[in-house]
Protein chains: 2
Amino acid sequence: MAGTIFAEKTETRLNAAERLCAAHGSRLTDLRRQVLGLVLEAARPVGAYDLLDGLRADKKGAAPPTVYRALDFLLEEGLIHKIERLSAFVGCTHALDGSHAEAGHPHAAQFLICTGCGQVTELDDHGILHALIHATRQIGFMVRHSTVEAEGLCAACLGGAAL
Amino acid sequence: MAGTIFAEKTETRLNAAERLCAAHGSRLTDLRRQVLGLVLEAARPVGAYDLLDGLRADKKGAAPPTVYRALDFLLEEGLIHKIERLSAFVGCTHALDGSHAEAGHPHAAQFLICTGCGQVTELDDHGILHALIHATRQIGFMVRHSTVEAEGLCAACLGGAAL
DNA sequence: TTCAAATATGTTACATTATAACGTATGTTG
DNA sequence: CAACATACGTTATAATGTAACATATTTGAA
């Protein structure tokens with residue numbers, strides 16, 4: 001239940017997510033679907049406790065572990081990313097909108113956090129990744145996971161009124 | 001007071017830090033010096049509350065804001081870095097041991113976190129930084145601060161017994 | 001030097017983020 | 001259906017970080 005409470009575009013992406021999960025033998029349950037929906041509709045990074053508030057619209061007594069478990073699942077499936085500097089979560093741009101090779105698997109990405117408007121842009125830049133791999137290989141370090149986050153001002157905020 | 005409680009090498013680095021601060025017209029007070037000393041002697045990232053415990057050896061009733069304020073100062077002076085993924089702090093390798101141009105100013109750096117031994121290595125790799133700047137410039141994003149952290153296994157842990 | 005301003009620290013209280021531990025339900029498989 | 005694995009509910013608490021205001025210390029200028 002808790003079925004079709006999201007915008008049509010979101011439902012489309014949720015359906016894509018459901019197929020990705022099915023393809024690995026995992027299940028996008030109603031609860032996980034709802035948490036993912038809340039993240040996708042946010043258009044900005046969302047904190048776990050904001051999601052909890054959202055959940056409580058349906059499930060009155062929901063508690064933190066409910067949200068954190070769903071988030072852990074979604075992270076493992078590569079459907080969302082955590083922005084460490086913000087302790088907040090965003091939908092994965094690549095997993096749900098195109099047919100990317102790495103869809104449905106946690107992957108290296110880079111995030112640009114605009115301090116003007118709060119929006120976060122996901123990059124998937126090979127140059128950055130290669131530079132990181134190259135530098136670490138030189139000293140014999142094997143990277144398992146990387147976090148790359150840049151804070152600054154996006155083009156819109158630079159061009160517009162805000163200084 | 002709380003004067004010379006650290007190892008000689010640490011005191012040397014603390015004295016270097018004091019000179020860097022003086023050069024900008026800021027003061028490495030006893031309290032800040034002690035917090036920096038605790039970070040430098042840790043050899044691993046240290047959490048704020050671990051530092052608080054350390055402080056309490058001298059100042060019995062110390063409270064969180066005391067530590068966080070000292071950490072903020074040290075971050076601004078570029079004497080320490082925060083590892084976001086660990087919510088923990090490390091001494092800046094570059095600021096205190098050589099005479100680097102960027103010493104005593106917050107600067108872009110990259111951190112390699114070994115999940116085997118817990119050690120963190122600071123890089124200052126131009127290739128990574130350039131790749132980031134290049135990728136962001138293309139989309140008109142102006143970077144003010146960047147966080148680059150890689151988790152994995154260091155050379156020692158890869159070579160030795162641990163798989 | 002002595003007062004005023006700025007800087008630094010002390011202190012209390014609380015906000016935010018995250019997890020441990022254990023019980024219950026639901027689904028899956030033989 | 002029984003046994004197992006997976007997912008979810010619930011309570012309690014841990015870990016990290018800050019707001020707000022009081023006090024002390026340093027600095028600088030009259």
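Protein chains get the first letters and strands the later ones, always in sequence-line order, with residue 1 at the start of each.
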Legend entry - Nearest-nucleotide comparison on DNA chain C, the residue closer to the 5′ end among D50(A) and A63(B): A63(B)
Legend entry - Rounded interatomic separation in angstrom, taking CD from E84(A) and C1' from dT17(C): 12 Å
Inset, instruction - Using only side-chain N and O atoms of T66(A), determine if any of them is under 4.0 Å from OP1 or OP2 of dC8(D). - result: no
Inset, instruction - Tell me what R69(B) touches on the nucleic acid: a base, only sugar-phosphate, or nothing, going by heavy atoms under 4.0 Å. - result: base
Legend entry - Atom-pair distance (CG on L71(A); C1' on dA7(D)), nearest Å: 15 Å
Legend entry - Nucleotide dA18(C), atom P - distance to CG of L75(A) in whole Å: 11 Å
Legend entry - Side-chain heavy-atom pair L123(B), F111(B) within 4.5 angstrom cut-off: no
Inset, instruction - Please name the pair of heavy atoms, one in A109(A) and one in H81(A), separated by the smallest distance, quoted to 0.1 Å. - result: CB-CE1, 4.3 Å
Inset, instruction - Identify whether a stacking contact exists between Y49(A) and dT16(C), where the ring centres must be under 5.5 Å apart and the planes under 30° apart. - result: no
Legend entry - Rounded interatomic separation in angstrom, taking CG from D58(A) and C1' from dG9(D): 16 Å
Inset, instruction - For R32(B) and dT7(C), give me the distance from atom CZ to atom P, rounded to whole Å. - result: 11 Å
Legend entry - Below 4.0 Å: OP1/OP2 of dA18(C) and any side-chain N or O of K82(A): yes
Legend entry - Separation of dA18(C) P from L86(B) CG (nearest whole Å): 14 Å
Inset, instruction - Would you mind reporting whether R33(A) and E11(A) have side-chain heavy atoms less than 4.5 Å apart? - result: yes
Legend entry - Nearest-neighbour nucleotide for the P65(A) side chain, dG17(D), dT10(D), dT9(C) considered: dT10(D)
Inset, instruction - Mind checking K60(A) for me? I need base, sugar-phosphate or nothing, with any heavy atom below 4.0 Å counting as a touch. - result: nothing
Legend entry - Note: E84(B)-R85(A) ion pair, threshold 4.0 Å (strictly below): yes
Inset, instruction - Specify the separation, in whole Å, of atom CG of L52(A) and atom C1' of dT19(C). - result: 14 Å
Inset, instruction - Could you tell me whether T29(B) contacts a base, only the sugar-phosphate backbone, or nothing, with contacts defined as non-hydrogen atoms closer than 4.0 Å? - result: sugar-phosphate
Inset, instruction - Please work out if R27(B) contacts a base, only the sugar-phosphate, or nothing of the nucleic acid, heavy-atom cut-off 4.0 Å. - result: sugar-phosphate
Inset, instruction - Test T121(B) against every option in V90(B), L112(B), I113(B) by the side chain to side chain contact (heavy atoms under 4.5 Å, CB included) rule and name the one that passes. - result: L112(B)
Legend entry - Whole-Å gap separating P (dT25(D)) and CG (L31(B)): 13 Å
Inset, instruction - Give S87(A) one of three labels, base, sugar-phosphate or nothing, depending on what nucleic acid heavy atoms sit under 4.0 Å from its own. - result: sugar-phosphate
Legend entry - Residue-phosphate contact under 4.0 Å: Y68(B) side-chain N/O, dG17(D) OP1/OP2: yes
